[in-house]
Protein chains: 2
Amino acid sequence: MKQILVLGAGRSSYSLIRYLLNNAQAQNWAVVVGDFDENIAKEKIDNHPNGRAIRFDAHETAVCDQWVSQSDLVISLLPPALHYLAAQSAVRFGKSFLTASYVSPEIKALDAQARASNVLIMNELGLDPGIDHLSAMQIIEKLKAEGANIISFLSYTGGLIAPESDNNPWNYKFTWNPRNVVVAGQGTAKYLQNGLYKYVPYHRLFSTLEHFHVDQYGEFEGYPNRDSLQYKEVYGLQNISTLIRGTLRRAGFCDSWNIFVQLGMTDDTYKMENSEQLTFRQFLNSYLPFHPTWSLEEKLANFLGVSANADMMHKLQWLGVFKNIPIGMPHATPAQILQKLLEEKWKLGENDKDMVVMLHQFEYELKGKKYRLESSMVLEGKSTIDTAMAQTVGLPLGIGAKLILQDRIKSKGVQLPVDPEIYEPILAELQSFGIKFKEKITEIV
Amino acid sequence: MKQILVLGAGRSSYSLIRYLLNNAQAQNWAVVVGDFDENIAKEKIDNHPNGRAIRFDAHETAVCDQWVSQSDLVISLLPPALHYLAAQSAVRFGKSFLTASYVSPEIKALDAQARASNVLIMNELGLDPGIDHLSAMQIIEKLKAEGANIISFLSYTGGLIAPESDNNPWNYKFTWNPRNVVVAGQGTAKYLQNGLYKYVPYHRLFSTLEHFHVDQYGEFEGYPNRDSLQYKEVYGLQNISTLIRGTLRRAGFCDSWNIFVQLGMTDDTYKMENSEQLTFRQFLNSYLPFHPTWSLEEKLANFLGVSANADMMHKLQWLGVFKNIPIGMPHATPAQILQKLLEEKWKLGENDKDMVVMLHQFEYELKGKKYRLESSMVLEGKSTIDTAMAQTVGLPLGIGAKLILQDRIKSKGVQLPVDPEIYEPILAELQSFGIKFKEKITEIV
C-alpha cells in the first residue's frame, strides 16, 4: 500500500481529496490529509476507510519530517509561503512533491538536490497555473509538429459565476479567496507584444484589456497577469512576438473595478486613520478632493468623466459604497475595508454555482497562410463545495499523483508540467470529468 | 574648547561646516568632520585651524563611540538609515544630537533613554523638514496669541533653479539628489482637507495640485508630501480642518512629469529585460501598447489626449525620450534609466544658481472675520557649491548647535524644532543670511 500525504484541507482541496479517495482502493492507496485544523481534514476524509485526518503544522519540522518520511508522495495545498518547508522535507526523504502554486525561487533552488535524490518536484499543476500549461503545450507541440510558426499566444483564465447564478450588475461573485481578488494585479504586469517587452503599472492594468467571445457564454474581457515573459522559455516559444497571460472577467467588470484602483481603495500597505469611525460613504470620500457644493456622487461622476446615472455609477450604488453605514473595522487598510463591503455583496449563495473559463488564442503561419486557433474550456461547478475551481485545481494534482505512483513520469528535479508524458495523460483523464477544450481554427485574411 | 562632530561631508554639508568654522574661534570650538571619503571631509575643512577631517564609517561602532565620547555635540548628515547608529552612541555618552532628517520610529524610541541621560535629540532641523517648522510655528503661536482660530494651513517647499539659470522648457534642474527627485512621492500621500482625511495614491499625486503666485518670481504649483496628518499634533492644530504639506515646482512641471508616472517609467522595483540593448525610444515604447500604424509620438499623444505639438510633447522631445540612442545600462530599473536621461538634461551648469522657495498659506478667523495669511521665503544660491539648498539645510543645524553649546536650549529627549526657545533665535539669525519671510494678510470676503 502506498501512502499519499495531502497538506492543507481548505476549500480548494475538496475535489483532490475526493479523487484520491475514489481511487484509493483500486490503486491500493492510503490518503493522509493534514491541516492546522484537524476537523476540516476529518470533514474531507468523511470516514473513508483509506483516509486518515491529522493535525498538521508545517512549522513543526520533526512532525513534518515524520509524516513525509513514511509517505510515498506529498501534495501541498498549504499557503504558498509554506510549500518550501514541506518540499525541503520531501527532498530530504526522497519523496516526490506536487503543488498547484507558482514555482518560487526557493523551490527552484532545490533542483540539484531533488535530482540527486531522484525526486520530482512538480509545480504549477492546478488550474492557472496548471491546466493552462497542459493545454497550451499540447497545442504548441501539435502546431510545431505541423511545421507552423507561432506568432502570438494569448492565454486567459477566470474563476467566475455560472450563468444560472449570475444575478448582480457586476456579473461576479467571490468563488475564490476574496483577499486575492481585491489585491489582484498589484505590481507591474510584464508581457511581450509584437516583439517588444511591455510593462503595465497597476493603475493601468484594468484598462489594458483583451476582449473575447465564447459561444453560448457570451462576452468576456481579460487583464494581463504579473509576468508572462518567463513563459517564452517555458513553452519553448523563443521566436514568438506576442505572449500574454491574463485573468478573465465578464465584459464590463474591469472598467468599474478600475474605479477602486484609480481612487486608491485597493491599497493594502497602510491603515486608514480612525477607520472604525468611518462609514462606507466617508471611506469613498477619503479618495476624492473636497468640493464646496458637489455631492459625493457628483464628485465621483466628474472624476470618472461619466454622467451620474452611468452604468459604473449604478454598479457602485448596488455595492452600497454611497451609504452612510459604519464600517466598524478598527485599524483597517483600504483593501480590508473594500473586501468587507464586497464580501457582503459578492457572497456565493447557498445554491450558487461557479464557473471556470479558460481561453487560448494562437496566431501562426503555416505554408504561407496565417491562422487563428482559439481553444476554450468552460466548466460549471456542481455545488458550493464541489466547485469548478476545486475540480480544476485539484484534479490535475490527483491525476499527476496517480501517474507518479504508477511510475509513468520519468522527469526528476524541479519541473513545470510542460512535458507530453505528463500533459497527455492528465488532459485525457480530465475529459472524463467534463474538463474539455473546444478548438476553432480560422484563416486570417 | 568644545568639540562638534559632523558626520557626513557630502554636498549638503558645505554651508553647515562653513558656519561652524566661521564661528569656531569666537565660540572656542573644534570642528571634526567625518566622512567615509576622508578627502571630501578635508576639502570642506579647507585647512581651517579649528577643523579636522577624519575617515568615518558609521558601522564601525567602536570608532564611532570613540569620536562621539570625546565630542560635545553630534550633527549627522549621514544617509537617513545611518542616523540611528550615531544617535545611539550619542545617547550612550550623553551628547546632544542634531539631524535635518525626518524623525524615524527607531530614533523616537530613544526618547526615554535620551531624557534619562539629559540629552537632546533634535530632528527635522534642516529646510523641509526644518525651516518650514520654525517659520510655521512662529506664525501659529502669533495667531493663537491674537485669539485667532486657524482653519487651514498649506505649507509647500521646493528646491528649484534660480530665474537667471532657468533656461529649459521644464523650468527645472537637479539641485539636489536626482534619485530622490525621480522616485519622489511613491507611496500614498495623506492629508487633512475640510475636516476629512484624504488619501492620494502615487498615480494621482501629480494631478493633485495647489497653485501659488510669488511676487517677482511668478507662478508655482505643488503636490502633496507623504504624510501631513501627524503635523496636526506637532503644530498643536488639533482643531484645524485643512492641513497639507507639499513640494513646489514651477507651474506646468507636474503635468509633464505625470506622463512618466502614468506610463510607469519611475518604477524602481524591477529591472527591465535587456535594458542594455534598449534605446530611449524603445524604453518609452515599452510603456505604450502596440499599434499597427501609429508612430510612437502618435501613440503617446493619443494616450495623453493631447495634440502632437502640445507643450508636454515638446518637453518630452527636448529631453530626448524619442531618440534612438542606446541607454547602455545593463540590469537597470525604469527609474534608473529615466534618471540617466534626466541627469544629462537637467544637470546644473558651472555657473548655475539654485533657488529655494517656501510658501505658507494660513486661513483663520479672528473677531468674526476671515483672513488669509501668506508667508513666503525665496533664497537664491551663490554658486554651485554655496547653494541655497546647502544654506537652508545647514544653517539651522549650525545655529541650533551654537544654541545648544551655549546652553540656551532647555528641552531634552527626542524633539522637533517647534518650541519658541529654538525657533525664535534660529529664525532671527537666519535673517542675517538673507533667509527672510515676507508676510501678506488679506481679508477673505
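Per chain, numbering begins at 1; letters A, B, ... match sequence-line order.
Both the backbone and the side chain of B:M272 come within less than 4.5 Å of a heavy atom in chain A. With a 4.5 angstrom heavy-atom cutoff, B:N274 touches chain A only via side-chain atoms. Neither the backbone nor the side chain of B:F283 comes within contact range of chain A; no heavy atom of the residue lies under 4.5 Å from a heavy atom of that chain. Heavy atoms closer than 4.5 Å to chain A are found in the backbone of B:L288, but not in its side chain. Proximity to chain A is absent for every atom of B:T269, based on heavy atoms less than 4.5 angstrom apart.
A distance of 6.0 Å or more separates the ring centres of A:Y199 and A:Y191. Remark: aromatic rings of A:F220 and A:F212 are distant, center separation not under 6.0 Å.
Side-chain contact, A:H133 with A:Y235: a donor N or O sits under 3.5 Å from an acceptor N or O.
In this structure, the separation between OH on A:Y197 and NZ on A:K190 is 11.5 Å, given to the nearest 0.5 Å.
Both tests hold for B:R245 against B:Y231: distance to the six-membered ring centre under 6.0 Å, angle to the ring axis within 45°.
Among B:L263, B:L278, B:L229, the residue making the largest number of heavy-atom pairs under 4.5 Å with chain A is B:L263. The candidate from A:E273, A:Q193, A:R204 with the greatest count of non-hydrogen atom pairs under 4.5 Å with chain B is A:R204.
Counting all heavy atoms, side chain and backbone alike, B:S275 lies closest to B:P330 at OG-C, 3.4 Å.
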